[in-house]
A.B. asks: 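First, the structure itself, so that you have it in front of you.
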Amino acid sequence: MQRSVFAMTAPEVIQEDDILRKAQSLLEPEMLAGESIAHTTQRVLRFRFSPSGRHTGIHGLLHVTNYRILFASTERSTYDVVHPNHSSSVQVDDSIPFTLIHAMYITPKLRSRASITSKTKPSGWTDNRIMLGSGAKYDMDQVSMLTIICKDMCQYRFNTELVPRDSRVALLSLLEQMMPSKLTLLFAFEHGQALHLHNNTIREQRLTYLKARLARLAPSSPSEVPLELSTLNNDFSICSTYPPAFVLPHNKSLHKSSAMNLNKLSENWTGRRFPVWSWTNSRTHAYLCRAGVCKGPVEADELIRFFGLKLLQTVNAAECFTVSEVAASWDKLRTLCLAVLDGKADAMSSWLSGLESTNWMRIVRKCLVTAASIASKLENNYNIVLTGSEEGDADCLIASLVQVISDPYARTFKGFEELIEVEWVGMGFPFGRRLCHLSTDNVAARSPVFALFLDCVFQVLRQNPHVFQFTEEYLLQLRSRSHTCLYGTFLLDCDYDRCETAAISSTKSVWVDLPGDSDIEAVRQRMFSMLYAPYPGTVMPHTKTPNLEFWQGAYLHWLEDVHYVTAMTKRHQQELVLVEIRELLDLREYLTTKERPKTTAHLEKLIASGVAPTAVKYIPPEQLRPPEVLLNPQAAAESSGGYATPRRTGAGTGASTPGSATAGTAAAASAAAEPLGLFGDDGQQMAIESSVDDLMFMEDPDAMHDDSLDCSTEIVDARAMDD
């Protein structure tokens, strides 16, 4: 009997549909609260960049939600290789919030581009591509590439030649309309409502941070000028860009008619931003104060009378940079980095001269020099009034950088959070205008001042990694999240605007998703520095040009396989080795000073009580091996029937014969394959999962080798150690 065409094709069609639906369900990304998918485009090719110019691609689905663009793929990428614990199908660098996008371009097919001349070139056409949303007309059938350039210098390329026309039309039409034009349309509000968040009011949040800072920095001596927490600006009548509460040196003459005196004083400063207390040097008790621009010449005597301080100096922070200068430098830097990404020969061959022409590193150096100079004056007991621009850009950055240099608390997770909340968010840094979250914002006011500050902090961190509790990854996450509009922290310009926007109290704070100092997530995400050793003093940065470094992790991270990931992986390996060394030092101290276990149950009690490290293991007497076997790990492995397995990958594996001059060192180098046996007085043995006995602890982490981290070791008789 002859089968019909339907009977022959139906099973195959059904099977193909099932496979397609199953594949799509596997690539379904994890949605945030309040997020929903508006459109999904199949058969998209996502290009991966390589400095060699040979870009490779992976296939997947391109999802457009009400918040971002997501690319999902089951194919492995560089990120998966470097992060083997990452199991999500959606890569971290393939999540593109709409507010992070700087520009989107579409590129016609090669045949279509060849037919276009200078006379027929449509408006909006630049560098063989058309800006999406410019109003230029184009043929949907000829679109082959979608390029997305982000504000943090990321660039994404998606090939859409295999995408059906209807799906391509829907995708591009949707992308043209997804940039929010009103504040209430930002996803942070919808996300907060979906989470049912009800935070403290803006006034309560500001008081919490200021009280914590006062409790830590309040004068301890009666001879010092006391500090007073003032709420005279609770209704923002004195200054609309200042927080509802601020701190002032307690002056009796000022206190008699505080509101009247403050209103009179604020009239002499642009934006009514009169001097307020910012920070106190805990060693010299010198005050750092901030202000706007004085309308007339700054009279030092007047400020001395107002604050009741002596040895007071004023410093103009605006000499470091202007907002327009930073914006122009950033545009040049972005053009240079994207030219390198495109593999343009001119940009590659003249990289150093191109970087110099951007003036970015020069601005960074100016900020570091000014901050270091102010920190030095504070160490010499000079009180500083830092003046800046009307909107507080320069004085905000310099005051914060001074604290990072001088205050050890500002170099911790909690301290850096307090620094951002008090000096940036509370003191009215215009995040909304500088970051341009909305399509209707004034582009002329856009300037990456906050990114400049993080770059300056990175320079100090790179030179002194051991004094910071957090790593470069923490700064990168903070820089990226300032653009995402997932949090209410960076949405508006000042507390007055936040109080006027009632819904801001229902948005999520950025600090909720950033791990803290006691969070194991900080270690897993490589934000917690394993090198951290609290240092109570001032850390003066080296400000000469050769000592500064271009921040590759921030500006070249799309070349992660060469620049960022490799460097971070080596640093992470070094940190892990230092952790193991510290564990071994604790273990050795225990073996020489603490109680030895008698049984397995006894050892479990010692570990539970914290007396014994977890690396100690009890071995019954019947499983003991003679100590001479331990001097030859290979023989130990053979005698145990393959019991020994390598534990660390960074140790050397040099071979040696027993009895030679290097036998002890060679045995230590390969002793990762063998637990060390140590005998107690009762003849019992404990095994230490370690390859190191005598350790050379290196203070300078940069002195470590890149390929392997070797420690000079020597294995001695275990019985001699007990003596």
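Excluded from the calculations below are hydrogen atoms, water molecules and symmetry mates; all remaining heavy atoms, backbone and side chain alike, are included. All values derive from a computational prediction rather than experimental measurement.
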A.B. asks: Under 3.5 Å, side chain of R272 to main-chain N/O of S266, donor-acceptor pair present?
C.D. replies: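 It does not hold such a pair.
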A.B. asks: Taking the ring centre of each residue, are F416 and F468 less than 6.0 Å apart?
C.D. replies: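 No.
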A.B. asks: For this output row, return yes or no: ring centroids of F413 and Y532 closer than 6.0 angstrom.
C.D. replies: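 Centroid distance F413-Y532: not below 6.0 Å, so no.
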A.B. asks: Against T370, only a single residue in L401, L397, V402, I398 fulfils side chain to side chain contact (heavy atoms under 4.5 Å, CB included); can you say which?
C.D. replies: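 Only match with T370 under side chain to side chain contact (heavy atoms under 4.5 Å, CB included): I398.
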A.B. asks: Work out which heavy atom in R203 is nearest to a heavy atom in C499; give both atom names and the distance.
C.D. replies: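 The pair with the smallest heavy-atom distance is NH1-SG, 3.7 Å.
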A.B. asks: May I have the step-by-step check of side-chain contact (heavy atoms from CB on, under 4.5 Å) for L438 and L186, ending in yes or no?
C.D. replies: CA-CA 8 Å; L438 305 176; L186 293 174; 3.7 Å; yes
A.B. asks: With a 3.5 Å distance limit and no angle check, can you tell me whether S480 reaches the backbone of Q477 through a side-chain donor-acceptor pair?
C.D. replies: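 Not confirmed, S480 side chain does not pair with Q477 backbone.
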A.B. asks: Is any side-chain heavy atom of T65 closer than 4.5 Å to one of L32?
C.D. replies: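 Not touching, per the 4.5 Å side-chain cut-off.
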A.B. asks: side-chain contact (heavy atoms from CB on, under 4.5 Å) for K366 and I363? Distances and angles first, verdict last.
C.D. replies: CA-CA 5 Å; K366 281 184 180 180; I363 296 176; 5.6 Å; no
A.B. asks: Does P97 reach the side chain of H483, with side-chain heavy atoms less than 4.5 Å apart?
C.D. replies: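 P97 does not reach H483 side chain to side chain.
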A.B. asks: To the closest 0.5 Å, what do you measure between OG (S406) and CG (L288)?
C.D. replies: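 Here the interatomic distance stands at 9.0 Å.
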A.B. asks: Quick one: does L248's side chain get under 4.5 Å of E228's, heavy atoms only?
C.D. replies: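 Side-chain contact under 4.5 Å: no.
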A.B. asks: Using 4.0 Å as the upper bound for N to carboxylate O, is an ion pair formed by R213 and E423?
C.D. replies: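 Counted as a salt bridge, because a side-chain N and a carboxylate O are separated by less than 4.0 Å.
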A.B. asks: Do side-chain atoms of S329 reach the backbone of E325 as a donor and acceptor pair under 3.5 angstrom?
C.D. replies: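 No, S329 side chain to E325 backbone: no donor-acceptor pair under 3.5 Å.
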A.B. asks: Check whether the side chains of Y535 and N464 place a donor and an acceptor atom closer than 3.5 Å, and report yes or no.
C.D. replies: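 Side chains of Y535 and N464: no pair found under 3.5 Å.
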A.B. asks: Ring centres under 6.0 Å, that's the criterion: do F490 and F450 meet it?
C.D. replies: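 Yes, ring centres under 6.0 Å apart.
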A.B. asks: Nearest 0.5 Å, please: how far is CG in L475 from CE in M527?
C.D. replies: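 Going from the CE atom of M527 to the CG atom of L475 covers 10.0 Å.
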A.B. asks: Check step by step if side-chain contact (heavy atoms from CB on, under 4.5 Å) holds for C456 and C367.
C.D. replies: CA-CA 7 Å; C456 294; C367 295; 3.7 Å; yes
A.B. asks: Nearest 0.5 Å, please: how far is OG in S95 from CD1 in I69?
C.D. replies: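 That separation rounds to 9.5 Å.
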A.B. asks: Can a donor-acceptor pair be found, under 3.5 Å and without considering hydrogens, that links the side chain of T387 to the backbone of V315?
C.D. replies: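 The answer is yes, because a donor-acceptor pair under 3.5 Å joins these two groups.
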A.B. asks: Side chains of M179 and I101: does their closest heavy-atom pair fall under 4.5 Å?
C.D. replies: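 No, side chains not in contact.
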A.B. asks: Ignoring hydrogens, what is the shortest heavy-atom contact between S240 and C494? Give both atom names and the distance.
C.D. replies: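 So the two residues come closest at O-SG, 3.7 Å.
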A.B. asks: Hey, are the side chains of T489 and F431 touching, using non-hydrogen atoms and a 4.5 Å cut-off?
C.D. replies: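 No, side chains not in contact.
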A.B. asks: Closest approach of K151 and L435, non-hydrogen atoms and distance?
C.D. replies: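 Smallest heavy-atom distance, with atoms named: NZ-O, 3.0 Å.
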A.B. asks: Given side chains that start at C-beta, do those of R290 and C396 come closer than 4.5 Å, heavy atoms only?
C.D. replies: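 They are in side-chain contact.
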A.B. asks: Would you indicate whether the side-chain heavy atoms of W360 and L336 approach each other to under 4.5 Å?
C.D. replies: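 They are not in contact (no side-chain heavy atoms under 4.5 Å apart), so the answer is no.
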A.B. asks: From I405 CD1 over to S376 OG, what is the distance, rounded to the nearest 0.5 angstrom?
C.D. replies: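 Between atom CD1 of I405 and atom OG of S376 there are 10.5 Å.
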A.B. asks: Going by an N to O cut-off under 4.0 Å, is there a salt bridge joining R433 and D493?
C.D. replies: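 Yes, charged N to carboxylate O under 4.0 Å.
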A.B. asks: Rounded to the nearest 0.5 Å, how far does CD of Q403 lie from CG of L378?
C.D. replies: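 Answer rounded to 0.5 Å: 10.0 Å.
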A.B. asks: How close do R446 and A327 get, counting heavy atoms only, and between which atoms?
C.D. replies: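 Taking every non-hydrogen atom into account, O-CB, 3.4 Å.
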A.B. asks: In a check of ring pair (Phe, Tyr, Trp, His ring centres under 6.0 Å) between Y242 and each of Y496, F274, F429, which one passes?
C.D. replies: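 Exactly one option meets the ring pair (Phe, Tyr, Trp, His ring centres under 6.0 Å) with Y242, and it is F274.
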A.B. asks: Tell me yes or no: between the side chains of E417 and Y209, is some donor less than 3.5 Å from an acceptor?
C.D. replies: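 Their side chains do contain a donor-acceptor pair, which is all the 3.5 Å distance test asks for.
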A.B. asks: Report the C-alpha distance between T284 and N380 in whole Å, list the side-chain angles of each, state the deciding distance to 0.1 Å, and finish with yes or no for side-chain contact (heavy atoms from CB on, under 4.5 Å).
C.D. replies: CA-CA 7 Å; T284 63; N380 292 323; over 6 Å; no
A.B. asks: On a heavy-atom basis, which atom in W269 and which in A291 lie closest, and how many Å separate them?
C.D. replies: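 In terms of heavy atoms, the two residues are closest at CZ3-CB, 3.8 Å.
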A.B. asks: Going by heavy atoms in the side chains, are L210 and L214 under 4.5 Å from each other?
C.D. replies: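 In short, these two side chains do not touch, never coming nearer than 4.5 Å.
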A.B. asks: Say you draw a straight line from CG of L556 to CE of M153; how long is it, rounded to the nearest 0.5 Å?
C.D. replies: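 Rounded to the nearest 0.5 Å, the CG-CE separation comes to 9.0 Å.
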A.B. asks: Can you tell me if OH on Y487 sees more than 12 non-hydrogen neighbours from other groups inside 6.0 Å?
C.D. replies: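 Yes, because the 6.0 Å sphere around OH of Y487 holds more than 12 heavy atoms from other groups.
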A.B. asks: May I ask you to decide if N234's main-chain N or O and T231's side chain share a donor-acceptor pair within less than 3.5 Å?
C.D. replies: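 The answer is no, because no donor-acceptor pair under 3.5 Å joins these two groups.
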A.B. asks: Measure the acute angle between the ring planes of F453 and W424, then classify it against the limits of 30° and 60° as parallel, tilted or perpendicular.
C.D. replies: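 Correct class here is tilted.
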A.B. asks: Taking G537's backbone N and O only, do any of them form a donor-acceptor pair with R283's side chain (distance below 3.5 Å, no angle check)?
C.D. replies: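 Side chain of R283 to backbone of G537, a donor-acceptor pair under 3.5 Å: no, none is there.
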A.B. asks: Is it true that the side chains of Q459 and Q463 contain a donor and an acceptor less than 3.5 Å apart?
C.D. replies: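 Looking only at side-chain atoms, Q463 and Q459 do not form any donor-acceptor pair under 3.5 Å.
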A.B. asks: Return yes if some donor-acceptor pair links the side-chain N/O of D497 with the main-chain N/O of L491 below 3.5 Å, else return no.
C.D. replies: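 No; zero donor-acceptor contacts below 3.5 Å.
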A.B. asks: Okay, side chain of T484, backbone of R481: is any donor-acceptor separation there less than 3.5 Å?
C.D. replies: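 Such a contact is found between T484 side chain and R481 backbone.
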A.B. asks: Quick one: do R216 and D407 make a salt bridge, cutoff under 4.0 Å?
C.D. replies: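 Salt bridge between R216 and D407, a charged N being under 4.0 Å from a carboxylate O: yes.
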A.B. asks: Side chain of H191, backbone of A33: donor and acceptor closer than 3.5 Å?
C.D. replies: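 Confirmed, H191 side chain pairs with A33 backbone.
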A.B. asks: Specify the closest pair of heavy atoms between R365 and T543, including all atoms of both residues, with the distance to one decimal.
C.D. replies: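 Closest approach of R365 to T543, heavy atoms only: NE-O, 2.8 Å.
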A.B. asks: Has T440 got a side-chain atom pairing as donor or acceptor with S181's backbone, closer than 3.5 angstrom?
C.D. replies: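 At least one qualifying donor-acceptor pair exists.
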